[in-house]
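Index from 1, following the sequence. As a basis for the values below, the full set of heavy atoms in this structure was taken, side chains included, without hydrogen atoms, waters or symmetry mates.
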Amino acid sequence: MDAFCELSGLDPLWDWNRTWYTDKPDLTECFQNTVLVWFPCVYLWLLAPFYALKLYCHDCGCIRISTLCTAKTVLGFLLASFGFVEFFYILLERSHEIQNHMVFLLSPIIRSLTVVLAICIIQLERIRGCRSSVFLFLFWVLAVVCSLVPLRAKIQLAMYEGITTDIVRYTAFFSYFSLQLAQLFLCCFADQPPEGKTVLVKNPCPVKDASFLSKMLFWWFTGLVVKGYRTPLEAGDLWNLREEDTSDKIISDLEEEWTTECAKLQQQEKTMAAGVALGTRLPDQAQILRKLQKEQSSGFCLLRTLARNFGPYFLTGTMCIIFHDFFMFAIPQVLSLLLGFMNEEDAPLWKGYFYATLMFLLSCLQSLFNHQYMYTCFTVGMRVKTAVMGLVYRKSLVINSASRRTCTVGEIVNLVSADTQKLMDFVVYFNAVWLAPIEIALCLFFLWQHLGPSALAGIATVILIFPLNGFIAKKRSKLQEVQMKFMDGRIKLMNEILNGIKILKFYAWEKAFLEQVLGYREKELKALKKSQILYSISIASFNSSTFLIAFAMFGVYVLIDDKNVLDAQKVFVSMALINILKTPLSQLPFAMSTTMQAIVSLKRLGKYLCSEELKDDNVAKAPLSTDGEGVLIDNGTFSWTKEGPPCLKRINVCVPQGSLVAVVGHVGSGKSSLLSAMLGETEKRSGSVSIKGSVAYVPQQAWIQNATVQDNVMFGREKQKTWYQRVLDACALLPDLEILPAGDSTEIGEKGLNLSGGQKQRVSLARAVYRKADVYLLDDPLSAVDAHVGQHIFDKVIGPKGVLRDKTRVLVTHGMSFLPQADLILVLVDGEITESGSYQELLSRHGAFADFIHMFASNDRKESVTETAAQRGARRASSRLSVTDFMPFSRDLSQEQLIGGDTNSTNLQGMEPMSEIDEEQVPEDLGKLMEVDKAHTGRVRLEMYMEYFKTIGMAFIIPIVFLYAFQQGASLAYNYWLSLWADEPIVNGTQVDTDMKLAVYGALGFAQGIAIFGTTVAISVGGIIASRHLHMDLLKNVLHSPMSFFETTPSGNLLNRFAKEIDAIDCMIPDGLKMMLGYLFKLMEVCIIVMLATPFAAVVILPLAILYAFVQSFYVATSCQLRRLESVSRSPIYTHFNETVQGASVIRAFGEQHRFIVQANKRVDFNQTSYFPRFVATRWLAVNLEFVGNGVVLAAAILSVMGKDTLSPGIVGLAVSHSLQVTGILSWIVRSWTDVENNIVSVERVKEYADTAKEAVWTMEGSSLPLAWPQTGTIEFQDYGLQYRKGLDWALKGITLKIQEREKVGIVGRTGAGKSSLALGIFRILEAAKGEIYIDGVNIAEIGLHDLRSRITIIPQDPVLFSGSLRMNLDPFDTYTDEEIWSSLELAHLKNFVSNLPDKLNYECSEGGENLSLGQRQLVCLARALLRKTKILVLDEATAAVDLETDTLIQSTIRQQFEDCTVLTIAHRLNTIMDYTRVIVMDKGHISEMDSPTNLISNRGQFYRMCREAGLV
């Protein structure tokens, strides 16, 4: 090469004295004209073939010629022409001595040919649809960088000699350079999309249109951030998913592969099984081993399939992280060079600037590659989640019943929620498993280089710190379990309190339960406190780990040998390496545990996805033909599992087209199994099943979707108005729709919460009828409906005159009345058909069927009696509902329901989970009883923070701030001490007083560790104080709320406040604050250190700080909203999953699998549309912030170089090594800030109920109420009026009435007449709107609520018990002795029952008293009343709950025991009040009649009519 250069009269290629050892560095002429010109060209020519091959393989369609493409091509031709012109210019001018100018001749030609190649590549990219080229971008970057040196030389020469000497040459060079820059600039933009690829998506993701540079820096995301900053983001603002992220694309690719993998697995199993079958049966251990092997292999299969699909993209990410590591380890080496430069007296300044710039560039590249890696990981994670969800969902539609029985619905939903999350974490942390050990080894290697064997001391420290943390983590998880146990207890109790709140208010028991809840809370907080103190030790040890490692290394290093001295280079390069070391050390244990969890999850998923499926050949489907059989089973034997006993044997069924076949038999005789066999849901052992035409199926347990009634009926078909109305009419749904708030667009809650059993059954039937299928399989659809409705449905739908008369119908039934109309009856006994024939034939045979009929005939008389009662009940139910219909009714329940949930009416309480969708179709409040929980939008107000800190108390906050300041002060001091130590002059190869220096260093470091422990404990304790107060306020506010509050607030919302929001206040907010404050003070420390070294840095740091605050405020707003949107869109996925798993057989029977799969895809995709921008937002922020942070590095380094003469190496090392941490600190601050922002909302939501309306005070201070009040028990109403809410009709109007002592008064009237309102008024559950009530001459409005309610007693309609001992249920305040309790139990006829219980009075009642029968619960309520023995008793008669026996017991006890009390009975059954002294007949809020029963009957008024209806007259 040198010879080649000498030919042209140039100096040799490389000369160190010109390049490095000089004040004015420069490259030789030869190097500039050869290497710098050829290097970019070699890059392009070498890689072009591979790049062309890649383009050839990936065709994305052709792009039309755009302005951008034209500009690039034109500039390219101009560049090429420059080279050719130069070539000919030299040829002509220097033709006589051409061999002396070979270098100048060759370079332009090579350059021009390369540019021509670049133009070809531009065109090739255009044809193959590549919109933004990394390959050419790098080429132009290289070209520009290589031209910079000649550019500098040319400028210097021009300044020295003037331009005029060779104006052509200069002009040519400068133009050429400008064109190269222009090309580089154009390369930063993306071309338009290829033709035919422009899909008209409403809101496409801009990453598609982003150029390579924009993708690297995430600039394409800025639009959304700005939008989110201006107005809170809505779901409509989010971009659609890219095609490669959608469920359709991902799963269609994956499904085929997975199916083949599964087939391979099953093949292996078969061969293994065959091998085993030849020998004997395997011993148990071997069988278990085989099972484990199967799970293992299925897990690995899944991993392999996922890796094949997502591996290549994941590998690009892995490449990024390897580059990132390379740059990360290069930085300390450059720092070492920079500090070496600071030590040299006469080193030229340009080297310092060179090192500073190099550090800045390396930091920037490190950031870029790191975030590209994270972005890749999260994208792959997101795709894996979509893929796994899709596979599990599809599997749940084809899994057979045997496999389905091995896993509950909860487990399947868990696979989708928990296990996919574990896989996503695994994708992010997987590389750390193998990279972290390598990083740790490299750190040690570099530390060994600086400090020799002392580096091992650092590792010893690490080995001590990490097991300590492991031990703490173990202890904490135990404490967490304890805490969760108490929390569960508290939530369970809260749930009961909310469900039985009415009883608490009637009995004035709120205080007793308040104490119980607080008891749980204290225990919970005690466990939390212990856990937090342990956590503080863990945090302190981890945050001091840098110091501890450094202390160990430096200590050992200086103590081993006097000649070992610490200079700036050793100290600060070691510190930089230790800071690098912390990351892999903290990641490794986490990565390990994540991997272990992922392996378990893979096994579980693999096992589920490989489980047995339904066979397609179970049922032969044939098209409909006019005659012949609709359903044919020929000698069939069926079982539910492969190995299990058959559930149906020797089945021969032939159902003629268009006939009605009834299937009867005792419970468990296999009736439902027969229908399942026809649907192909069971294992077919032998025989054949064939069905002609389409099938509709009504299961025994109605399966209802969480959608509107209309959607449930139409089930994916389009609406045909007249047919739809006809179906509703035939299925007796029209009266129900009139009751439902929004008709058929009322949303039905999950699992049909707000429908009664009969309504669900009818909706399920209507769905089948609407289908117009050919074969109907009906599994006892009339079991849950009233008898007369059943008759109506049979006549209108199933029977010979019904809508389905021409269809083939197979009806499983218990109703004997329908059998005579069936064409064929099958009698099943123990899974075999014993008889078949028409009704008359079977009767004449005197077989099992005839006995069956005779047995039922004897019961039938009873049944006819109950049937008329049922009809009457139904009539009453319909009248009852119509009354609520005409009342101005949105949130106000009819009085009846207020006081005792009315059993026959639609359960309005159940209408909670109304989702938002409903609102748009019908007027606002229709179909809504409950107030929906709102997602808050926008930023969190400052008051919330003030509110939170106020709760902690100033006395606590000031010490916390001081402790933080002290901790950071100690940290600053020990770092500054190190820099002083490093600058200490070396005398005779040693430093003086090393022991003293080490001791001071150690003392400062340990002081910082203790301070960290102090601050974290203080914040934890402060957090606990705050959460104790907030929980207490919330609890008191809720318990002090009036009854109306509980009727309009779903208990779910309230429980959510007590569970999730309080949990966030307990743990999340303090943890977030710890991190945020820790990093904020750390940042202040770094800034102080940098400014100490170079005060001038303030000029740079201030604008950077402003920029940082600006970027951060943008991010926080957007991030909070994205998080909200993401969590809102997550639950519909699980709801839908849940429904599908439960209704899989129905979905299969109707052949709707595809529609449900599409729906599931939509829901997953909708969730991912908010998840994707959420993780990109973090990347966007981090990349932009880290450039700010790298700016600080650059400033610190450049300013240090400028102040070389005045600054010592120690302080420079301190400043630069600290500034390297800024990038990490900045991103952590924002992350923890966002966490706090997201969780502080909980404070807002807990505080919400402070401002709602409250009841009157519980007890009056200094009230002069006599202890024995009321003594006589007289009650007087004076012009009393009652409204449920302002502006509504009066529920009671002008009631004036006096009840004497010991009087027994019955109150009767139709539903909604105001009977219960009287009781509500006496107990002040509702306050009087006008008038007063006096009890014993005391105006009840002037005493405390508890004073009133504890002195009068009610026996409510629905007996509510709480979980706890029986004693607690009778006497929560422990005011009575055991003798008194036993005597009350004896009077309530419960003594024998209780004394036979194992724990007697301490017998634990389960939640809601489930482990006692309804009658026993009613008697417990009676015992409560007997125990209190007050002068006034209000008896709200249970409508239908009690059996006659219990009822007579209760009535006789009341007559005997409450003889000298005033008794008010709200009666539903008139016979109980016939011997009362007075009867009050209520009508529309008035008293219409009042007299003794005999007088009222003789008056022949309203009461007489009621008695006549009841058959008493």
Side-chain angles (χ1 to χ4, degrees), residues 244-245 247 249-269 272 289-321 373-374 376-396 399 403 406-407 411-412 414-437 587-613 1164 1168:
E244 57 267 33
D245 291 334
S247 305
K249 177 89 181 77
I250 291 175
I251 294 165
S252 57
D253 294 352
L254 197 75
E255 222 176 355
E256 291 167 22
E257 280 195 37
W258 177 242
T259 322
T260 49
E261 281 285 347
C262 256
K264 269 190 218 162
L265 253 185
Q266 278 157 355
Q267 198 52 50
Q268 279 175 8
E269 254 177 72
M272 271 175 75
L289 267 175
R290 262 189 65 197
K291 197 171 160 210
L292 283 176
Q293 247 175 332
K294 181 184 160 187
E295 277 179 32
Q296 202 96 32
S297 56
S298 60
F300 282 125
C301 268
L302 181 60
L303 186 60
R304 218 172 28 223
T305 315
L306 291 173
R308 265 196 215 126
N309 268 346
F310 309 118
Y313 183 58
F314 183 68
L315 282 176
T316 58
T318 310
M319 290 305 296
C320 288
I321 196 74
Y373 165 68
M374 295 304 280
T376 317
C377 280
F378 277 109
T379 310
V380 171
M382 174 175 93
R383 289 177 187 171
V384 165
K385 179 176 161 184
T386 303
V388 172
M389 277 187 169
L391 287 176
V392 172
Y393 188 79
R394 282 156 178 68
K395 185 72 180 185
S396 65
I399 190 167
S403 314
T406 56
C407 44
E411 280 170 3
I412 296 176
N414 228 346
L415 287 177
V416 178
S417 51
D419 291 320
T420 47
Q421 190 54 51
K422 300 235 171 80
L423 286 185
M424 283 166 74
D425 293 343
F426 169 67
V427 171
V428 178
Y429 289 101
F430 166 67
N431 278 328
V433 175
W434 61 273
L435 256 179
Q587 268 185 359
L588 193 59
F590 196 71
M592 290 292 202
S593 73
T594 312
T595 308
M596 299 318 284
Q597 285 174 340
I599 289 172
V600 175
S601 292
L602 276 169
K603 267 190 217 163
R604 288 176 43 164
L605 283 164
K607 180 183 161 191
Y608 179 73
L609 292 174
C610 282
S611 50
E612 298 275 321
E613 296 182 8
V1164 172
Q1168 302 289 36

### Query
Can you check whether V392 reaches L609 side chain to side chain, under 4.5 Å on heavy atoms?
yes
### Message
Just verifying a value: how many Å separate E244 CD and T379 OG1, rounded to the nearest 0.5 Å?
### Response
9.5 Å
### Query
So do the side chains of Y313 and T376 get within less than 4.5 Å of each other, counting heavy atoms only?
yes
### Where M389 and T420 come nearest, the two heavy atoms and their spacing
CG-CG2, 4.3 Å
### Task
Would you check if V1164 and Y393 make a side-chain contact, meaning some heavy-atom pair closer than 4.5 Å?
no
### Query
Measuring from K607:NZ to L415:CG, what's the distance to the nearest 0.5 Å?
10.0 Å
### Task
Check whether any side-chain heavy atom of R383 lies under 4.5 Å from a side-chain heavy atom of D245, and answer yes or no.
yes
### Task
Mind checking the CD1-CD spacing from I599 to Q597? Nearest 0.5 Å is all I need.
10.5 Å
### Query
Partners of E261 by side chain to side chain donor-acceptor pair (under 3.5 Å), sequence neighbours excluded?
R304, R308
### Task
Answer yes or no: are there more than 12 heavy-atom neighbours, outside E613 itself, under 6.0 Å from its atom CD?
yes
## Note on the structure
Output for pair (L254 CG, L306 CG), nearest 0.5 Å, gives 6.0 Å
### Message
Would you say that S298 contacts L265 through its side chain, given a criterion of any heavy-atom pair below 4.5 Å between the two side chains?
### Response
yes
### Message
The test is side chain to side chain contact (heavy atoms under 4.5 Å, CB included); show your working for V428 and M424 and say whether it passes.
### Response
CA-CA 7 Å; V428 178; M424 283 166 74; 5.9 Å; no
### Task
Report, as yes or no, whether the 6.0 Å neighbourhood of atom CZ on F426 holds more than 12 heavy atoms from other residues, nucleotides or ligands.
yes
### Query
Under 4.5 Å between any side-chain heavy atoms of I321 and L435, yes or no?
yes
### Chi angles and distances behind the side chain to side chain contact (heavy atoms under 4.5 Å, CB included) call for N431, Y373
CA-CA 10 Å; N431 278 328; Y373 165 68; 3.2 Å; yes
### Message
I'd like to check R394 versus I251 (side-chain heavy atoms, cut-off strictly below 4.5 Å). Are they in contact?
### Response
yes
## Note on the structure
d(L423 CG, L302 CG) to nearest 0.5 Å is 7.0 Å
### Task
For Y608 and K395, work out which heavy atoms get closest and say how close.
O-CE, 3.5 Å
### Query
Looking only at atom types and distance, does a side-chain atom of K385 sit under 3.5 Å from a main-chain N or O of Q1168, one as donor and one as acceptor?
no
### Query
Heavy-atom distance under 4.5 Å between the side chains of L315 and M319, does that happen here?
no
### Query
Hey, what do you get for NZ (K603) to CG (L605), rounding to the nearest 0.5 Å?
12.5 Å
